[in-house]
Every structure is written in C-alpha cells, then in structure tokens.
Chemist: 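Sharing a structure below in structure tokens format, with a few things to ask.
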Amino acid sequence: MTEPSIFTRILDGEIPAEILAETDRLFAIRDIAPQAPVHLLVVPKTADYRDVTEVAAADPSLLAEIVAFANELAGQHTDDGDFRLIFNTGANAGQTVFHVHAHVLGGGLTEKSVGA
Ligand code: 5GP
C-alpha cells in the first residue's frame, strides 16, 4: 500500500492546514511556500488521480469543477479576480506531490511566479 499523500493527510487532519473552502469533491488551502501574493491549491478529495491528465481522461467534470472553484477562490482572494492556473505534471516539470492539485496564483503577478 502506498503512503497517503500530504494532501490526504491534511484532509484527514493529520497535518495542520486551514481549509479555506470546500465542496463535496474539492478543498482549497494556501500553499506553504507561496510563489505569488495569492497562492492557493485546489485539491480533489480523492487521491485516485496522480495528475491533471488522469483527471481529464477519467473524470472531465471534476476537472471542470477544479477550474470553476479556482475562479471562485480567485474572486474571493484577489482584488481583480485574475489568476494563473498551473498543474505541474511530472517530476521534471516540478511536480512533487502526486495527488492532483491546481496552483491558483494571483494578486500582482510577476514573471518570477511562472514556475510555481
Ligand atoms: P507541486 O510541486 O507538486 O506542483 O505542488 C505541491 C505544492 O504543495 C508545493 O507548492 C508545496 O509548497 C505545497 N506543499 C507541500 N507540503 C505542504 C504542506 O504541508 N502544506 C501546504 N499548505 N502546502 C504544502
């Protein structure tokens, strides 16, 4: 059996994090190492999907929910509602947690924040 992901452990309350918002299938937290003035993570509660390609193939409606939830959160947490949505996909692209999640970056972005 594989170890639960860091996000599953947060959801289960084993690792402290403020859940900013949730739906029946998603939750949102602040990234512990923010790369922009607003840097949130939108995470499916299920750990079934390693990355965005798996979600898109298996459950496109969940991917649409992630995008809509990111938009809603950006509206609440930034002045202008604008945001970047980043899915690092694969270790060589910077993915470190293999439980799919979207980075929501906003609030006065600079070019430096591209590689979330
Ligand atoms: P990835 O590198 O897989 O695209 O994104 C994983 C993200 O999770 C990183 O940006 C990292 O800062 C964040 N992260 C890792 N551990 C924790 C944690 O314990 N709490 C929170 N809030 N974020 C975390």
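Start at 1 and go down the list; that is how both ligands and their atoms are numbered. Computed from a predicted structure; not experimentally measured.
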Chemist: Under 4.0 Å, heavy atoms only, figure out whether ligand 1 is touched by the backbone of Asn88, its side chain, both or neither.
Modeler: side chain

Chemist: Check whether any N or O atom of Ile10, backbone or side chain, sits under 3.5 Å from an N or O atom of ligand 1, and answer yes or no.
Modeler: no

Chemist: Side chains of Leu20 and Ile29: does their closest heavy-atom pair fall under 4.5 Å?
Modeler: no

Chemist: If we only count N/O pairs under 3.5 Å, is Ile15 in contact with ligand 1?
Modeler: no

Chemist: Report yes if some heavy atom in the side chain of His101 is under 4.5 Å from a heavy atom in the side chain of Ser5; otherwise report no.
Modeler: no

Chemist: Does Thr2 reach the side chain of Phe98, with side-chain heavy atoms less than 4.5 Å apart?
Modeler: no

Chemist: Would you mind reporting whether Val104 and Val38 have side-chain heavy atoms less than 4.5 Å apart?
Modeler: no

Chemist: Please check whether Gly94 reaches ligand 1 - meaning an N/O of the residue sits under 3.5 Å from an N/O of the ligand, judged on distance alone.
Modeler: yes

Chemist: So do the side chains of Leu41 and Phe7 get within less than 4.5 Å of each other, counting heavy atoms only?
Modeler: yes

Chemist: Which ligand 1 atoms, with their elements, are less than 4.0 angstrom from a heavy-atom of Leu41?
Modeler: 8 (O)

Chemist: Which option wins on minimum heavy-atom distance to atom 10 (O) of ligand 1: Asp51, Val43, Asp31?
Modeler: Asp31

Chemist: Considering the heavy atoms of Ala33, write down every atom of ligand 1 situated less than 4.0 Å from one of them.
Modeler: 12 (O)

Chemist: For atom 24 (C) of ligand 1, which of Ile32, Ile86, Ile6 has the closest heavy atom?
Modeler: Ile32

Chemist: For His103 and ligand 1, does the shortest N/O to N/O distance drop below 3.5 Å?
Modeler: yes

Chemist: Just to be sure I read this right, does ligand 1 sit under 4.0 Å from the backbone of His101, its side chain, both, or neither, counting only heavy atoms?
Modeler: side chain

Chemist: Taking only heavy atoms of Ile29 into account, list the atoms of ligand 1 that are under 4.0 Å away from them.
Modeler: 22 (N)

Chemist: Mind checking what makes side chain to side chain contact (heavy atoms under 4.5 Å, CB included) contact with Ile15, not counting sequence neighbours?
Modeler: Ile6, Arg9, Ile10

Chemist: Identify, by atom number and element, the atoms of ligand 1 in contact range of Val97, meaning under 4.0 Å from any of its heavy atoms.
Modeler: 3 (O), 6 (C)

Chemist: Would you mind listing which atoms of ligand 1 come within a distance below 4.0 Å of any non-hydrogen atom of Phe7?
Modeler: 8 (O)

Chemist: Working note: Leu40 + Phe83, criterion side-chain contact (heavy atoms from CB on, under 4.5 Å); need CA distance, chi angles, decisive distance, verdict.
Modeler: CA-CA 10 Å; Leu40 311 180; Phe83 63 99; over 6 Å; no

Chemist: Closest heavy-atom contact between His99 and Pro44?
Modeler: NE2-O, 2.8 Å

Chemist: Per the salt bridge (charged side-chain N to carboxylate O under 4.0 Å, His left out) rule, what does the pair list look like for residues 39-55, sequence neighbours excluded?
Modeler: Glu22-Lys45

